[in-house]
Amino acid sequence: MGNILETKDLTIRLGGHTAVDGVSIAIQEKHFKAIIGPNGAGKTTFFNLLSGQLSPTKGSIMLKGEDITSLSPTNRTRKGVGRSFQITNVFPNLTVLENVRLAVQSQAGIRYQMLRHFSRFDSVVKKAEDHLKLVLLDSKAGSLACNLSHGEKRKLEIAMLLALETEILLLDEPTAGMSVEEVPAIVEVIKNIKLRGERTIVLIEHKMDMIMELSDSIMVLFNGQLLADGPPDEIVKNETVQSAYLGGLYNEFTA
Amino acid sequence: MGKRYQLSTLVMIIAGIVLLAVPYINDSRSFLILMTQIFIFAVFAMSYDILIGFTGIVSFGHAMFFGIGAYATGIILDRFEPTVPTLLISIAAGILLAAVVSFIVGLLTLRLKSHYYAMLTLAFSGLFLVAAEKWRTLTMGNDGFTFRVPDILKDRMDYYFICLVVMFIVYFLLKRITQSPFGKVMVAIRENEQRVESLGFQVLYYKIIASVIAGVIASISGSLYVLSLRFANTSVFSMDTTLDALLMTIIGGVGTLVGPMLGAGLIEFAHHWLTELAKEHPIFERWLIFFGILYILVVMFFPAGIIGTIHGWGRKRILQRKSVKEQKSPAG
Amino acid sequence: MSSLLEVNQIETYIGQYHILQGVSFQAQKGEVTVLLGRNGAGKTTTLRSIMGMTPASKGEIKYKGVEISKLPTYKTSNLGIGFVPEDQGIFGELTVEENIKVAMKKVDDETNSRLEWILALFPDLKKFWKKPGGLLSGGQKQMLSIARAYVNENDLLLIDEPSKGLAPVIVEKVMESIQEMKKKTTIILVEQNFIMASAIGDKFFIIDDGRTVHSGEMKSLKEDEEMKRKYLGIA
Amino acid sequence: MELIMNLSINGLATGMLIFLLAAGLTLIFGLMDVLNFAHGGLFAWGAYSGVWVYSTTGSFVLAIGGAILTGLVLGFITEKLIIQPVYGNHIQQILITLGLMLVLSELLKVVWGPNQISAKTPSYLSGSWELGDVIIIKYRLFIIIMGLLVFGIVQFILKKTKIGLVVRAGVLNKEMVEALGINIKRVFLWVFMCGSAMAALGGVLLAPYSGVIHAEMGMEFAILAFVVVVIGGMGSFPGSLFAAMLVGLAGSFMAYYVPDLSLAVNMLLMAVVLIFKPKGLFAIKG
Amino acid sequence: SDDASGDGKKEGGSKSKEPIKIGVLASLSGALESYGKQTKQGFELGLDYATDGKMEVDGRKIQVVYEDTETKPEVAVQKATKLLEEDNVDFLVGSSSSGDTLAVLPLAEEYEKVMIVEPAVADSITGSEFNKYIFRTARNSSQDAVAGAAAIAKKGVKIATLAPDYSFGRDGVAAFKEAAEKLGADVVLEEYADPAATDFTSNLQKIIDEKPDYLFVIWAGANSPWNQIADMKIQEKGIKISTGAPDIAALSTMEPLVGMEGFTVYYNDLPKNKINDWLVSEHKKRYNGEVPDLFTPGGMSAAIAIVDALKKTKGDADADKLIKTMEGMSFETPKGKMTFRKEDHQALQSMYAIKLEKKDGVPYPVPVLIRELTPEETAPPIRN
Ligand SMILES: Nc1ncnc2c1ncn2[C@@H]1O[C@H](COP(=O)(O)OP(=O)(O)OP(=O)(O)O)[C@@H](O)[C@H]1O
Ligand SMILES: Nc1ncnc2c1ncn2[C@@H]1O[C@H](COP(=O)(O)OP(=O)(O)OP(=O)(O)O)[C@@H](O)[C@H]1O
Ligand SMILES: [Mg+2]
Ligand SMILES: [Mg+2]
């Protein structure tokens with residue numbers, strides 16, 4: 001299997017601060033990669049570069065060998081790079097179902113259809129409902145997104161990403177603020193996608209147990225730079241990672 | 001949603017039939033003119049609703065498209081024989097020009113956000129106003145000029161029907177557009193532009209298309225407007241014209257389409273009624289005060305506009321019923 | 001020890017939704033009280049009801065023996081109650097410095113020394129002192145939000161999911177800081193990270209469907225596998 | 001040279017006058033983000049009440065005081081009754097403030113009649129000095145000084161206190177500011193009242209400048225004030241000052257050198273600035 | 001109504017004779033409110049005067065309906081249609097703005113009713129947009145211009161003009177220039193300012209540089225250039241100012257121009273005739289001591305014209321008959337004799353060359369007569 005996503009010397013300076021600094025990685029197709037690193041290490045910024053929200057000062061991004069560095073977020077999504085957001089980013093005054101439906105609509109390529117009524121697109125609604133079930137949010141389908149609790153919004157965020165059915169899924173702290181009770185369910189969802197073996201997944205998380213359980217490899221960002229990239233066991237043993245990122249708490253996880 | 005959609009269509013059809021019958025019940029010309037005026041402004045306000053209500057773009061210069069239609073029709077009919085082909089050409093000319101201008105203006109939404117965009121549109125329409133003032137050989141400046149219309153438009157009753165039909169066509173067309181997948185994306189842009197982008201939609205295209213739709217329809221309403229007056233002057237480009245659309249849309253309820261129509265009716269009727277009162281009762285001599293109070297009261301009692309607020313009540317009831325029955329929510 | 005805060009059967013509506021349907025708990029002076037519960041249970045709403053942001057329509061909230069459930073938010077705050085909201089509540093267009101400046105109720109040595117202490121705890125904030133808050137990373141925003149509540153001397157601090165989005169080392173720092181704060185300040189904590197909650201909590205209350213359904217000593221909960229499975233889904 | 005001097009001085013004076021009109025709006029629209037279409041009404045009320053006080057007492061100082069008082073009182077009533085329910089909702093703001101604008105300008109006619117009213121310049125401020133071919137009109141010099149004074153005071157207050165900060169924070173997240181122990185309602189009320197008072201001050205100072213006031217004067221100048229606030233960069237006082245100067249000077253020089261474009265000068269200026277600087281000249285927000 | 005008017009002289013205006021209805025369009029609210037009110041008051045007084053308070057002509061009652069155009073063309077059209085359709089008026093009168101009036105002109109033609117234009121000034125009303133139903137008692141821009149020129153233009157006199165940059169100003173200057181040049185003067189500079197301008201430096205500077213003998217100002221509306229004209233010492237520099245004296249409210253802003261020579265359409269003590277005496281005293285009586293203003297006599301003239309015409313047709317309001325009667329008709333007004341010119345139905349009328357003077361007890365500068373400009377002297381060119 002080849003590399004689906006590659007970055008070469010990816011660098012971005014934001015207001016004098018080098019948020020991502022010369023990161024070169026290659027992610028294999030169908031691979032599950034986790035990104036960890038201290039707060040402000042540049043993980044989200046790295047995602048923003050991959051998904052096109054930001055464009056790099058230097059370096060390039062290749063999707064299946066094609067240079068996508070200068071493509072807009074829209075076009076990258078269409079080419080198969082989908083993402084969820086760390087700060088919940090939904091359509092506040094639309095219902096939960098409508099939120100997901102938009103993603104399904106985009107996935108189905110229904111974009112400039114102006115003259116047919118929406119209700120004609122049954123399959124779209126059906127699909128949206130399925131995705132909501134997947135993330136345990138079907139009971140809230142009719143609520144406005146702004147009326148959801150924080151954890152519920154996180155689930156909606158994931159449902160919207162899944163609905164895009166992109167080849168690559170970029171997940172930015174999907175379970176932050178989700179209740180202990182429900183994290184396993186979401187982990188399950190992600191795991192199932194992984195097991196189906198159709199998608200490449202990149203995950204940012206601070207929950208080490210989850211990372212250890214899911215990932216094929218972990219890359220560590222530190223001050224914008226790539227500190228390490230390797231299999232999970234190796235990474236957790238890395239001393240810098242232990243002292244500067246994991247700290248003492250980690251022992252409790254593994255214990 | 002599906003149900004409400006059908007219900008609203010039904011209501012509209014009934015309203016349409018009633019309005020078609022009106023001239024046979026009350027054929028007072030000035031009443032017909034008032035109604036015609038309402039239909040024309042309803043079209044204009046609906047075009048504005050596409051921007052403010054569905055795409056979330058606030059423009060302070062919508063009069064520019066109204067004016068483009070008005071002048072295109074006025075000037076061409078004034079310069080050439082007032083025949084039906086000339087008339088159609090004149091309307092088409094307005095549409096074409098409005099499309100081009102609204103395309104350019106729409107492009108600028110790329111760079112400018114919210115207030116800044118609103119003010120830029122104000123600047124553009126201001127420039128059109130100055131141009132109309134200055135190009136006196138064509139426009140006669142703010143005194144304006146009168147012109148002749150094709151004979152088929154002479155009869156006020158026929159013109160009433162024409163405007164009524166145009167209003168309904170525009171309504172159903174826009175309704176369809178806003179209920180289509182395209183329309184759903186427009187609404188999403190209003191809610192969260194950046195998120196729409198990362199879902200794989202080209203936001204700019206949507207905004208430009210919305211801007212062009214709004215511009216073209218505004219231009220049509222401008223054409224209808226001068227045809228009803230047989231007179232054109234610079235007031236079509238004025239800030240007041242934009243404000244009229246803004247007021248009608250907001251009073252009726254943004255993002256509802258029916259709202260702007262209702263708003264147009266309400267404003268015109270309130271206006272008519274207050275000025276009538278002003279003649280009879282001296283306290284209404286300063287009737288504009290009551291007009292101002294009307295706006296204030298609408299905001300107080302119908303915060304989402306009249307239709308918007310009523311929809312809200314409906315929605316609340318539905319939700320309450322749902323939560324009582326603990327049903328799974330059907331499609332929103 | 002007496003209760004600094006007593007919440008008694010409060011009920012809260014948001015719009016027409018009946019969100020809280022009887023939440024009761026007490027926070028003892030000098031302790032950390034933890035509110036637990038699944039998503040949408042009503043934890044955040046409980047804190048917001050205490051702050052007067054979504055006022056409770058029934059029940060009573062007594063702070064130092066005084067009923068505060070009808071007070072406007074700013075008055076509640078000025079009684080010495082600090083609040084770290086769930087969504088961080090950062091003023092995106094204001095710099096880090098300005099975010100903290102808005103929060104400072106006094107400008108004196110005491111406050112300044114607290115500020116220094118916090119900045120030492122979260123050096124990132126100092127590093128991005130002049131940067132608009134909206135541009136911070138998720139974790140940095142969380143730090144800023146905590147720092148903003150810490151600069152003032154509070155008797156009671158309401159913290160909504162502070163560990164969310166923080167790197168494990170920082171979570172540790174936050175825990176340490178809460179331990180430190182505990183000496184002077186009573187804390188009510190909403191937390192999903194059970195490790196953290198159990199490490200620093202004294203008492204716990206579980207909220208479910210807008211009601212308090214269980215409470216007890218944190219120590220006992222740690223051992224009570226049955227309870228954990230039933231309400232928290234932790235095996 | 002004299003020509004340039006004359007055009008510059010008068011352009012600056014006009015600019016300063018515009019700044020005075022826009023200063024209140026910089027607070028209300030720029031900082032508090034309220035689309036206040038009734039600003040012109042407050043401004044006209046300042047002018048009328050000031051001119052009335054001047055004509056009854058003969059004291060221009062009292063006239064200024066009277067106008068400011070009118071502004072404060074109207075600001076108080078307006079904020080409490082009209083603005084408070086609609087913070088954060090631009091659409092409602094447009095409608096309700098347009099309604100208020102109608103009420104305010106019609107009430108002017110109820111009180112002072114529909115005719116235009118002439119406004120006199122106090123004797124110690126009327127007339128002009130001639131330095132060679134350069135003509136310096138006393139009242140315009142006075143306007144420049146008043147403008148600088150207002151700018152100085154407001155800038156001082158905003159810099160030295162955290163009011164500016166609190167207002168900006170309050171616009172972004174009102175609830176959070178309250179949770180930090182600030183009575184944001186009262187802060188907004190005060191700032192709105194100050195903005196209204198400044199509008200009224202602008203009005204009374206404009207009156208002798210143009211020599212005549214009329215009930216419709218508000219809307220005309222309010223649009224100009226909006227232009228200044230936006231091209232200066234929302235909420236920036238130095239920005240408003242600079243933009244006002246720009247508008248004044250551009251008007252003065254364009255009218256001399258390119259008279260054909262003079263009608264369009266404000267709109268052209270705004271279009272050009274916004275196309276090249278989409279957030280105005282002195283954007284303070286990120 | 002045609003049949004009704006034919007017979008029964010003796011029945012004396014009761015049942016069998018339908019009333020004459022007149023619809024008056026005026027700006028009764030908005031920016032031109034005060035003009036509209038003057039027209040209205042003048043019209044009421046005029047009917048009283050012309051019918052000796054009986055409000056009837058040849059046995060037919062006169063009914064008047066006033067409508068507010070709000071200075072908006074679409075409202076004007078709406079209201080005019082209402083007057084023509086619902087009230088079945090026999091005459092239209094109005095309106096305060098040229099735009100409103102122009103918008104209504106085609107309706108007069110469509111409904112074949114005589115319309116008396118008062119006080120809109122645009123030349124095009126009796127020029128390019130003219131139709132035979134239109135008569136105008138108001139003076140037009142050209143008459144203003146001719147009067148203005150007559151007051152100052154002589155062979156070799158150099159004149160600069162300053163006017164607002166819109167139809168009113170542009171038309172006015174064009175007409176003035178033609179008239180002034182006919183009298184041998186030279187219009188050396190035309191300056192136009194933004195009608196909303198507060199600063200006139202650049203215009204005045206150019207005028208100063210040009211050193212004309214006169215500065216002729218055409219100005220109407222809100223703000224005014226007078227203060228700055230004084231401040232920039234135009235008069236001290238040897239440039240005499242001339243302009244049309246406006247209504248009383250605006251006169252009070254012209255303090256700086258005391259001594260200026262110009263013209264006016266009307267000021268209450270200028271015309272010396274019985275009708276004006278009646279107007280002034282009656283106006284004072286009715287409106288607590290106020291004197292009639294700029295457009296009051298216009299309203300009155302319109303009323304007198306209608307009544308006179310009806311008297312001549314014996315109460316017949318048929319438009320064709322009326323037009324025939326009114327073309328070339330002369331009638332007495334507060335401004336002396338007016339005559340509807342046959343060709344374009346413009347009323348030729350006296351204007352007044354005046355000088356602004358300060359008078360004790362009057363809070364504004366008062367126009368004092370230099371000489372009356374006869375109707376023939378101020379006759380404008382025919383342009384329809
Ligand atoms: N638009 C921007 N302008 C300036 N600086 C920025 C911008 N976006 C991010 N940064 C800075 O870049 C750094 C990296 O931010 P990023 O959000 O990528 O961190 P992160 O690794 O995702 O952290 P966290 O785990 O806290 O979410 C931070 O210091 C942040 O302040
Ligand atoms: N503005 C609102 N309108 C309607 N319902 C709301 C609103 N805000 C919250 N809710 C609902 O109230 C319930 C409780 O919300 P709350 O935010 O208190 O939950 P929480 O316990 O903090 O959950 P989380 O762990 O996800 O943050 C949720 O079901 C939510 O959908
Ligand atoms: Mg991040
Ligand atoms: Mg919560």
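Within every chain, numbering begins at 1; the chains are lettered A, B, ... in the order of the sequence lines, protein sequences first and strands thereafter.
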Practice prompt. Look at the side chain of D:K109 and the backbone N and O of E:S29, then say whether any donor-acceptor pair between them is shorter than 3.5 Å.
Written response: no
Check: E:D199 main-chain N/O paired with D:N10 side-chain donor or acceptor under 3.5 Å: no
The interface call for E:D165 against chain D, heavy-atom contacts under 4.5 Å, is both
If you look at every heavy atom in [X] and [Y], which pair is closest and at what distance?
X: D:E220; Y: E:A196; value: OE1-CB, 3.8 Å
X: E:P195; Y: D:L263; value: CD-CD2, 3.7 Å
X: D:S118; Y: E:T253; value: CB-CG2, 3.4 Å

With a cut-off of 6.0 Å (strictly less than), are more than 12 heavy atoms of other residues, nucleotides or ligands near [atom1] of [X]?
X: D:M146; atom1: CE; value: yes
X: E:K358; atom1: NZ; value: yes
X: D:F242; atom1: CZ; value: no
X: D:W52; atom1: CH2; value: no

Interface check, chain E: of D:V265, D:L17, D:V212, most non-hydrogen pairs under 4.5 Å belong to D:V212
In terms of heavy-atom pairs under 4.5 Å with chain E, the winner among D:T121, D:I137, D:I213, D:I9 is D:I137
How many angstroms lie between atom [atom1] of [X] and atom [atom2] of [Y], to the nearest 0.5 angstrom?
X: E:D209; Y: D:D133; atom1: CG; atom2: CG; answer: 8.5 Å
X: D:F253; Y: E:T201; atom1: CZ; atom2: OG1; answer: 10.0 Å
X: E:E236; Y: D:S128; atom1: CD; atom2: OG; answer: 8.0 Å
X: E:T198; Y: D:L206; atom1: OG1; atom2: CG; answer: 7.0 Å

Please flag which part of [X] lies under 4.5 Å from any non-hydrogen atom of chain E: side chain, backbone, both or neither.
X: D:F221; value: side chain
X: D:A255; value: both
X: D:S252; value: both
X: D:S105; value: neither

Ion pair check, E:D231 and D:R140, cut-off under 4.0 Å:
no
query = Got E:S224 and D:Q116 here, is their nearest side-chain heavy-atom distance under 4.5 Å?
reply = no
If you tally heavy-atom pairs under 4.5 Å between each of E:Q205, E:E191, E:K37 and chain D, the highest tally belongs to E:Q205
Go through the steps for D:I135 and E:K233 under the test side chain to side chain contact (heavy atoms under 4.5 Å, CB included), then give the verdict. CA-CA 9 Å; D:I135 300 167; E:K233 312 202 166 156; 5.5 Å; no
side-chain hydrogen bond (donor to acceptor under 3.5 Å, both in side chains) filter on E:S98, not counting sequence neighbours, yields none
